[in-house]
Amino acid sequence: RLSLFRSGKAIELKGVSWTGGDMMRLASSSVAFETERLLSGPKAVPYVERYFAGLLRRFRCEGSEEDEVLELIPDVAVVIGNMKLSVPRPE
């Protein structure tokens with residue numbers, strides 16, 4: 001199951017499967033995702049800091065901005081690729 005948000009409302013796409021092993025491919029009648037790059041460890045850190053700053057704030061202890069990403073999320077991986085969605089029109 002994959003959840004998307006449009007105009008503050010959640011849309012759930014059911015029947016989404018992870019395939020492709022480590023390359024993390026998504027497939028269903030409404031979703032197609034092909035991994036172009038899979039970054040982990042130190043290579044993922046700049047992407048986590050840039051695109052997931054809000055998530056990092058939640059992981060960090062109050063008042064501590066110095067916690068290293070790899071200390072907080074040691075098994076971090078960032079998956080980059082193209083995604084095609086077929087989402088029903090809003091009612």
Side-chain angles (χ1 to χ4, degrees):
R1 179 177 67 180
L2 178 67
S3 295
L4 307 171
F5 293 89
R6 179 194 290 161
S7 303
K9 294 182 182 177
I11 299 170
E12 290 192 10
L13 302 176
K14 296 179 181 170
V16 177
S17 300
W18 286 100
T19 62
D22 288 343
M23 290 309 287
M24 298 183 183
R25 180 181 303 134
L26 286 173
S28 81
S29 60
S30 55
V31 177
F33 178 79
E34 289 289 331
T35 299
E36 292 177 4
R37 293 173 65 194
L38 177 62
L39 306 169
S40 61
K43 291 181 180 179
V45 170
Y47 293 90
V48 172
E49 291 175 333
R50 181 171 181 179
Y51 297 107
F52 302 100
L55 183 62
L56 279 178
R57 279 192 295 277
R58 289 182 182 178
F59 282 134
R60 289 185 166 127
C61 296
E62 213 173 287
S64 174
E65 292 295 319
E66 299 301 318
D67 291 334
E68 295 292 326
V69 171
L70 294 176
E71 290 175 13
L72 297 168
I73 317 169
D75 297 324
V76 67
V78 175
V79 183
I80 300 170
N82 290 314
M83 180 179 281
K84 293 180 184 176
L85 299 171
S86 298
V87 181
R89 291 184 181 264
E91 297 176 8

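Both backbone and side-chain heavy atoms feed into the values below; hydrogens, waters and symmetry mates do not. Numbering starts at 1 and runs along the sequence shown.
Between atom CG of residue Leu56 and atom OH of residue Tyr51 there is a gap of 14.0 Å, rounded to the nearest 0.5 Å.
A search for side chain to side chain donor-acceptor pair (under 3.5 Å) contacts involving Asn82 returns Glu36, not counting sequence neighbours. Residues that satisfy the side-chain contact (heavy atoms from CB on, under 4.5 Å) test with Val45, not counting sequence neighbours, are Glu49, Val69, Leu70. Every residue meeting the side-chain contact (heavy atoms from CB on, under 4.5 Å) condition with Ile80, not counting sequence neighbours, appears here in chain and number order: Arg37, Leu39, Tyr47, Val78. Residues meeting the side chain to side chain donor-acceptor pair (under 3.5 Å) test with Ser40, sequence neighbours left out: none.
Scanning both residues, Thr35 and Arg25, for their nearest heavy atoms gives OG1-N, 4.5 Å.
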